[in-house]
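Have a look at the structure below before the remarks.
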Amino acid sequence: MSLEIASKRIKPLDPQLVNRIAAGEIIQRPFNALKELIENCLDAGSTSINIQIKEGGLKLIQISDNGCGINKEDLKIVCERFTTSKLKEFEDLKSINTFGFRGEALASISHVSRLTIITKTQDSPCAFKAMYSDGKLAKDGIKPCAAASRGTQIIVEDLFYNSSIRRNALKGGSDEFAKIYEVVSRYAIHNYHVGFYLKRIGESSMDLKTPGCSIRSVENENYLQDVIGILYGADMKKELERISVEYDDRLKFEMLAYMTNSRYTQLKQLTFVLFINERLVDCQPIKKSLQNLFQMYLPKSTNPFIYMNLKIDPKNLDVNIHPTKHEVRFLYQDEIISRIEKSFEEKLLDSSTSRSYYVKNLTLDTFIGESQKSQKKSDSQDSEGAKAPIYPYQLTRVDSKERKLDSFLHQTSLNDSIKVINRTKASSQDKCKSMLRGQDFERSFNFKSLNELRENVEKNSSKNLKQVMGDLNFVGCIERELALIQYQTGLYILNTRLLSEELFYQICLFNFGNFGYFNLSEPLDLFDLAIMALNDPRTEWTEEDGPKEKLAKRCAKFLYSKSALLDDYFSIKVTKRVDSEGENKYYLEALPMLIEDYEPDLVDLPLFVIRLATEVEWPNEKECFDSISKEIGYFYAIKNLKYEQDTHNFEENSSQNNDKMNESWMIEHVLYKAFVNMLLPSEENEQQTIFKLVDLSKLYRVFERC
């Protein structure tokens, strides 16, 4: 045995085996390969990075950028080990500022996959395509190909095809994609000036999409918060706190960070995104220190989100201690960590002095999806012959003798009740319905801009909210802006103001140029209305804007110059009269009648007039129609009003109660009928429009115990 051991000689390994061993250390999973490719894109100055994945990256990783591209001459050696444009001698490591520097990424990837590079530089007349295997250029060589713009596309196919043990040891495609999503999201947060696009091949929608901006700067940090909101939700974005440490001359470091404050308690695991000198790394001492700190301020089993951008003098930083450059070491580590911990603790103390609570607004997908699933389940059981029982708490309970919310809130006389009942029998509902459907337009307009605005409304409508609106049961008005409705077994609060604002905006677009007139009892002087608006704090008038009288005259004259357009398309009638002194006076005589039985509150008429003159984009046709419609929608929308009550005058109080009853009737039988018949609710405002208060099945369980 000893003779056999003694006879073994030391031999150099085959270069191909060496390269594959090295590649296995650097490219351990698909996300490692993608991380290296993303860093190459960023080093190339890209502002847009598009990533496509198939089977968790094992079958395909395709990444495209708009960076500087690779020169044709460099394509010959780009996949050979230790070929780099970022490092020339050992001393350069002391001031390295790029992601890659050893020149091993592409070489390692080419040893464990089939690699293709398509690239074009700014000066190149065309793009060039090259394929690689085991770090060498394929026999086909470098071929010219068509490409419209500058940049590089790298295609990695069949990752670990020559390493069955590694491939079989990996988890499924969904697990690998989850790691890929995590890596891309972290780079998207730090590089918020770059637009990132991540998509799984075969899926209809993007998995991740960030907007990007012109430059990464303090002024544009709102984009960073937006990216965090896109990735982790709007609730987290609300609770972000900014922390910064100015440059320390002695320790030679500075820091910028965002963290969730002590009010945010939805994370069960710590999310720590750390970049040191632009490199995504892990630093256990920093992570452990902050984790211990947050344990003192957060409830048990909850953790924070932390993004940290740490800049340290390159001379004090050692980046060459791990094959994947995942870990770094730096001088003055304990002191720097102490400074960081102190800054975080100060911010936590500030945020803990006041605490606010947010109610989580569950999306309609949650409730409608659950009901559809249960319906499908019951249908499948019926088809199999096993009919599922329907329990009492699952029934949608609607009584023909139902009492509205108003009957509990207002004490009304019998005569008042009879008036309201008779009014519900009026035929105005049917007239409103046919008008809203737009079946008998007197005039039709084929403006391209108008068609685009209509298409945009239809495209951005919420199917779920439309489904709720089409089958709701009106319970009553909580106040003018809020109403209570029942849909299936759910009790919801609807924002009537937002819905009515959308409704009147859409009527302006879909019933364009075909409105009736709502004539004012007497014409109103536009000058007086403009003066009233300028005295309103909401207009934010300052002395720098000029004298109010001069602005009011200019506003009135300007609106008269647009009177033909306003009258023809929007039924807003503006006229001119000459007074006894020979001075021109401009009057508002009529407003559009958008829905029968609905009259707008004229309290905000002065503001409507001044905004028509100042907020409408008159030169551009599309923006003009859009902004006028929005202003009309805002003016006509139902809003809360402050009623003056005189407790000593019974008749006055009785009159006010009647007005409120008439308003409740109008909201239920005019506005909500219109919502059902025409409105295409916006998907963008879904969370602000509807809130699920309670499920009636849960209330049933409470009352059945009584």
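Because only heavy atoms are used, hydrogens play no part in the values below, and waters and symmetry mates are left out as well, while side chains stay in.
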*Pair Gln269-Asn303, side-chain donor/acceptor within less than 3.5 Å*: no
*Could you please spell out the steps behind the ring pair (Phe, Tyr, Trp, His ring centres under 6.0 Å) verdict for Phe31 and Tyr181?*
CA-CA 9 Å; Phe31 80 87; Tyr181 184 91; over 10 Å; no
*Write out all pairs satisfying ring-ring contact (aromatic ring centres under 6.0 Å, His included) with one or both partners inside residues 211-250, taking only residues at least two apart or from two chains.*
Tyr232-Phe305
_For Ser338, give me all partners under side-chain contact (heavy atoms from CB on, under 4.5 Å), at least two apart in sequence or on another chain._
none
*Taking it one step at a time, do Glu683 and Asn460 satisfy side chain to side chain donor-acceptor pair (under 3.5 Å)?*
CA-CA 6 Å; Glu683 190 174 23; Asn460 295 324; over 6 Å; no
*Can you name the residues that form a side chain to side chain donor-acceptor pair (under 3.5 Å) with Tyr307, not counting sequence neighbours?*
His190
*Could you tell me whether the side chains of Asp134 and Ser110 share a donor-acceptor contact shorter than 3.5 Å?*
no
Using residues 193-204 as the side-chain source, report each donor-acceptor pair under 3.5 Å to any protein atom, sequence neighbours left out, with the distance given to one decimal.
unit_1	atom_1	unit_2	atom_2	d
Lys199	NZ	Glu203	O	2.6
Arg200	NE	Asp207	OD1	3.3
Arg200	NE	Asp207	OD2	3.3
Arg200	NH2	Asp207	OD1	2.8

*Verdict with reasoning, Gln153 to Ser64, per side chain to side chain donor-acceptor pair (under 3.5 Å)*: CA-CA 4 Å; Gln153 182 183 88; Ser64 308; 3.1 Å; yes
*Not counting sequence neighbours, list each pair that qualifies as a ring-ring contact (aromatic ring centres under 6.0 Å, His included) and has a residue in residues 36-71.*
none
*Do we see a donor-acceptor contact under 3.5 Å between the side chains of Glu458 and Asn456?*
no
_The criterion is salt bridge (Lys or Arg N to Asp or Glu O under 4.0 Å); which residues satisfy it with Lys179, sequence neighbours excluded?_
Glu182
*What residues, two or more places apart in sequence or in another chain, satisfy side-chain contact (heavy atoms from CB on, under 4.5 Å) together with Ser124?*
Lys120, Thr121, Phe128
*Hey, does Ile155 have a side-chain heavy atom less than 4.5 Å from the side chain of Leu60?*
yes
*asked:* Which residues pass the salt bridge (Lys or Arg N to Asp or Glu O under 4.0 Å) test with Lys288, not counting sequence neighbours?
replied: none
*Judged by atom type as modelled, is there a donor-acceptor pair below 3.5 Å linking the side chain of Arg150 to the main-chain atoms of Gly67?*
yes
*Donor-acceptor pair, side chain of Thr210 and main chain of Gly212, under 3.5 angstrom*: no
*For Glu335, what residues pass the salt bridge (Lys or Arg N to Asp or Glu O under 4.0 Å) criterion, not counting sequence neighbours?*
Arg250
*asked:* Looking only at the side chains, is there a donor atom on one of Tyr192 and Asp226 sitting less than 3.5 Å from an acceptor on the other?
replied: no
*Who are the salt bridge (Lys or Arg N to Asp or Glu O under 4.0 Å) partners of Asp248, not counting sequence neighbours?*
Arg339
*Would you call Arg216 and Glu221 a salt bridge, taking side-chain N to carboxylate O under 4.0 Å as the test?*
no
*Taking the side chain as C-beta and beyond, is there a heavy-atom pair between Ile118 and Thr152 under 4.5 Å?*
no
_Could you check whether any side-chain heavy atom of Glu615 comes within less than 4.5 Å of a side-chain heavy atom of Ser627, counting everything from C-beta outward?_
no
*For residues Asp313 and Phe253, determine if any side-chain heavy atom of one lies less than 4.5 Å from a side-chain heavy atom of the other.*
no
*For the atom pair CG (Asn620) and CG (Asp626), what is the distance rounded to the nearest 0.5 Å?*
10.0 Å
*asked:* Side chains of Leu170 and Leu58, heavy atoms from C-beta outward: is any pair under 4.5 Å?
replied: yes
_When you measure from the side chain of Ser113 to the backbone of Ile109, do you find a donor-acceptor pair of N or O atoms at a distance under 3.5 Å?_
yes
*Just jot down the side-chain contact (heavy atoms from CB on, under 4.5 Å) partners of Ile215, sequence neighbours excluded, or say none.*
Ser217, Asn220
*asked:* I want to check something: taking the side chain as every heavy atom from C-beta on, are Arg186 and Leu274 in contact at a cut-off of under 4.5 Å?
replied: no
*Flag side-chain contact, heavy atom, 4.5 Å: Lys129 against Cys145*: yes
*Cut-off 3.5 Å, side chains only: do Glu621 and Ser449 have a donor facing an acceptor?*
yes
*N-O pairing of Arg263 and Glu239 below 4.0 Å*: yes
_I'd like to check the ring-ring contact (aromatic ring centres under 6.0 Å, His included) partners of Phe344; sequence neighbours left out, ordered by chain and number._
none
*Does Arg167 make a cation-pi contact with Tyr161 (under 6.0 Å, within 45 degrees of the axis)?*
no
*Thr265 and Thr302 side chains, donor-acceptor separation under 3.5 Å*: no
*Is the closest side-chain heavy-atom distance between Leu106 and Asn40 below 4.5 Å?*
yes
*Between Glu176 and Arg29, is there a salt bridge with N-O shorter than 4.0 Å?*
yes
*Could you pull out the closest heavy-atom pair between Leu159 and Gly57, with the gap in Å?*
CB-O, 4.0 Å
*Step by step, would you call Glu686 with Ser462 a side chain to side chain donor-acceptor pair (under 3.5 Å)?*
CA-CA 7 Å; Glu686 186 177 292; Ser462 169; 2.6 Å; yes
